[in-house]
Amino acid sequence: MTSWTPSDAPDQTGRTVLVTGANSGLGMQTTLALARKGARVLMACRDTARGQAALRRVETEVPGATVELVALDLAALSSVEAAAGQVQERAAVLDLLVDNAGVMATPRRVTADGFEMQLGTNHLGHFALTGHLLPLLLAAPVPRVVVVSSGAHRIGAMRFEDLQSERSYSRWGAYGQSKLANLLFARELGRRYPALCVAAAHPGYAATHLQNGHGSSLLAGVMKIGNAVLAQSDEAGALPSIYAATMPDVRTGDYWGPGLFELRGAPKRVERSASASDDAAARRLWEESERLTGVVYPAAG
């Protein structure tokens, strides 16, 4: 594929979708693309004020868009459950869930439930949200879940003996683990629920707000230069997610990323690490995630 833009996606009229982290970056671009194609988009955002500003932006850029806010803090399981309740009150089915929101390379902090922040937000929050919304997804005629990962999953390892990084912590190691967890979750979700189309995507090297504030001023300066010289825009970085969310050739197990060295360019199917293809690790992570979140998925019908 030499070129692809969201205008090439099929019409999304009649589909109800939920995008996490919809107020900025990849989530905002995904929301705009889906709204332009006629989808009803539920914009899940942590910060109410930023969410309202994002909603106004979509309504301005896409006149007639059907968009609504859902309050969601993935770092608090109570908020995840409440957000799922909001969605269940508003929609009989959910055609598409884009598990997009995340944090990157933060100092060690913990969520409201005591999880390491990056694993808790990027994986466990989405695991719980998807579980709560599963009945709505399975009620849709052709349901789809897109899990947004990162090329950084290749530096990750599932440290089951220290999953919450309590013994030792590396901000990039923890980020890599959380992005690896995203791919293992997508793999096991697709295996357990054949009625779902479950794909993953990553943005390549995209300049987003996630790359701000990562420790030393030297590192921040290096990343600023890299963003200016090498990175593609968040609009371009969202292309693999939008492709995975909309195109008819997407299949369960697919992993979509940019075509040029997986850094930039039109979306294509890309490879994942051997660790991200480990079925035993995927099953173990699933069991640990159910135990930690208390969200137990129903058996597939």
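Count residues from 1 along the sequence.
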Without swapping roles, check the side chain of Arg251 against the backbone of Pro248 for a donor-acceptor pair under 3.5 Å.
-> yes
Looking only at heavy atoms, which two atoms of Ala22 and Ala54 are closest? And how far apart?
-> O-CB, 4.5 Å
Positive for side chain to side chain contact (heavy atoms under 4.5 Å, CB included) with Leu196, one of Val142, Leu189, Thr130 | Leu189
With distance as the sole test, does Thr252 use its side chain to make a donor-acceptor pair with the main-chain N or O of Val198 at under 3.5 Å?
-> yes
Considering all heavy atoms of both residues, which atom of Val295 and which atom of Ala128 are nearest to each other, and what is their separation?
-> CG2-CB, 3.8 Å
Is there a donor-acceptor pair under 3.5 Å between the side chain of Lys179 and the backbone N or O of Arg154?
-> no
Can you tell if the side chain of Leu32 reaches within under 4.5 Å of the side chain of Val58, non-hydrogen atoms only?
-> yes
Taking only residues two or more places apart in sequence, or in another chain, which ones meet His126 in a ring-ring contact (aromatic ring centres under 6.0 Å, His included)?
-> none
Got Leu129 and Asp99 here, is their nearest side-chain heavy-atom distance under 4.5 Å?
-> yes
Listed by chain and number, what are the ring-ring contact (aromatic ring centres under 6.0 Å, His included) partners of Phe115, not counting sequence neighbours?
-> none
Say whether, by atom type as modelled, one donor and one acceptor occur between the side chain of Gln177 and the main chain of Leu163 under 3.5 angstrom.
-> yes
Dump the intermediate steps for side-chain contact (heavy atoms from CB on, under 4.5 Å) on Ser165 and Arg108, then the final yes or no.
-> CA-CA 8 Å; Ser165 303; Arg108 191 181 190 282; 4.2 Å; yes
Partners of Ala33 by side chain to side chain contact (heavy atoms under 4.5 Å, CB included), sequence neighbours excluded?
-> Pro6, Ile242
Would you indicate whether Glu59, at its atom CD, is surrounded by more than 12 heavy atoms from other residues, nucleotides or ligands within a distance under 6.0 Å?
-> yes
Could you give the distance from CZ (Arg187) to CZ (Arg283), rounded to the nearest 0.5 Å?
-> 10.0 Å
ILVMFWY cluster, Leu134 and Leu74 together (side-chain gap under 4.5 Å) = yes
Quick one: CG on Asp279 to OG on Ser277, what's the gap to the nearest 0.5 Å?
-> 8.0 Å
Give a yes or no answer on whether the side chain of Gln118 reaches the backbone of Arg171 with a donor-acceptor pair at less than 3.5 Å.
-> yes
Which atom pair, heavy atoms only, marks the closest approach of Thr246 to Ala9?
-> OG1-CB, 3.5 Å
Taking side chain as C-beta onward, heavy atoms only, is Leu119 less than 4.5 Å from Gln164?
-> yes
Would you say Glu290 and Tyr297 make side-chain contact, with heavy atoms under 4.5 Å?
-> yes
Between His123 and Phe185, how do the two ring planes meet: parallel, tilted or perpendicular, split at 30° and 60°?
-> perpendicular
Side chain of Glu235, backbone of Gln29: donor and acceptor closer than 3.5 Å?
-> no
Co-membership, hydrophobic cluster, residues Leu183 and Leu124, 4.5 Å side-chain = no
Would you say Thr293 and Asp113 make side-chain contact, with heavy atoms under 4.5 Å?
-> no
Here the salt bridge (Lys or Arg N to Asp or Glu O under 4.0 Å) pairs for residues 30-40, sequence neighbours left out, are Arg36-Glu61, Arg40-Glu68
Name all residues meeting the salt bridge (Lys or Arg N to Asp or Glu O under 4.0 Å) criterion together with Asp162; count only those two or more places apart in sequence or in a different chain, and write none if there are none.
-> Arg159
Atom OG1 in Thr30, atom CG in Asp234: separation rounded to 0.5 Å?
-> 9.5 Å
Matching residue for Asp254 among Arg269, Lys268, Arg272, Arg144 - test: salt bridge (charged side-chain N to carboxylate O under 4.0 Å, His left out) | Arg269
Evaluation steps, side-chain contact (heavy atoms from CB on, under 4.5 Å), between Met43 and Asn23 = CA-CA 7 Å; Met43 302 174 62; Asn23 60 288; 5.6 Å; no
For Gln86, look at atom CD and say whether over 12 heavy atoms of other residues, nucleotides or ligands are found less than 6.0 Å away.
-> yes
Does any donor atom in the side chain of Asn122 or Ser178 lie under 3.5 Å from an acceptor atom in the other side chain?
-> yes
When clusters are formed by joining ILVMFWY residues with side-chain heavy atoms under 4.5 Å apart, either directly or through shared neighbours, do Val270 and Val98 land in the same one?
-> no
Between Ala83 and Ala71, what is the shortest heavy-atom contact and its length?
-> CB-O, 3.3 Å
Pro258 and Gln232, any side-chain heavy atoms less than 4.5 Å apart = yes
Hey, which of Leu96, Asp95, Leu97, Val93 is the one that makes side chain to side chain contact (heavy atoms under 4.5 Å, CB included) with Leu137?
-> Leu97
If you measure from the Lys or Arg side-chain nitrogens to the Asp or Glu carboxylate oxygens, is any gap between Arg291 and Glu288 under 4.0 Å?
-> yes
First locate atom CD of Glu287, then atom CG of Leu292, and finally report the distance between them rounded to the nearest 0.5 Å.
-> 12.0 Å
Judged by atom type as modelled, is there a donor-acceptor pair below 3.5 Å linking the side chain of Ser275 to the main-chain atoms of Ala157?
-> no
Parallel, tilted or perpendicular: rings of Tyr175 and Trp172 (30°, 60°) = perpendicular
What's the shortest heavy-atom distance between Ser170 and Gly173, and which atoms?
-> OG-N, 3.0 Å
Tell me, yes or no, whether the heavy-atom count around Arg90 atom CZ, taken from other residues, nucleotides or ligands under 6.0 Å, exceeds 12.
-> yes
Inter-residue atom distance Ile155.CD1 - Leu180.CG, 0.5 Å rounding = 10.5 Å
Parallel, tilted or perpendicular for Tyr193 and Trp286, by the 30°/60° rule?
-> tilted
Counting only N and O atoms by type, is there a donor-acceptor contact under 3.5 Å from the side chain of Thr20 to the main-chain atoms of Asn100?
-> yes
Considering only NZ, NE, NH1 and NH2 on the basic side and carboxylate oxygens on the acidic side, decide whether Arg191 and Glu188 come within less than 4.0 Å.
-> yes
Check whether any side-chain N or O of His153 sits under 3.5 Å from a backbone N or O of Ser273 as a donor-acceptor pair, and report yes or no.
-> yes
Worked check of side-chain contact (heavy atoms from CB on, under 4.5 Å) between Phe127 and Val147 | CA-CA 10 Å; Phe127 178 90; Val147 181; over 6 Å; no
List in chain and number order the residues that pass side chain to side chain contact (heavy atoms under 4.5 Å, CB included) with Pro135, two or more places apart in sequence or in another chain; answer none if no residue qualifies.
-> none
Are any non-hydrogen side-chain atoms of Trp256 and Val146 less than 4.5 angstrom apart?
-> no
Residues Ser7 and Thr5: side-chain donor-acceptor under 3.5 angstrom | yes
CG of Leu239 to OG of Ser3, rounded to nearest 0.5 Å, is 10.5 Å
Give me the ring orientation class for Tyr255 and His202: parallel if the planes are under 30° apart, tilted from 30 to 60°, perpendicular past 60°.
-> tilted
When hydrophobic residues are tied together by side-chain contacts of less than 4.5 Å, even through go-betweens, does Val145 share a cluster with Leu42?
-> yes
Given Leu72, which of Leu18, Val80, Val87 fulfils the side chain to side chain contact (heavy atoms under 4.5 Å, CB included) condition?
-> Val80
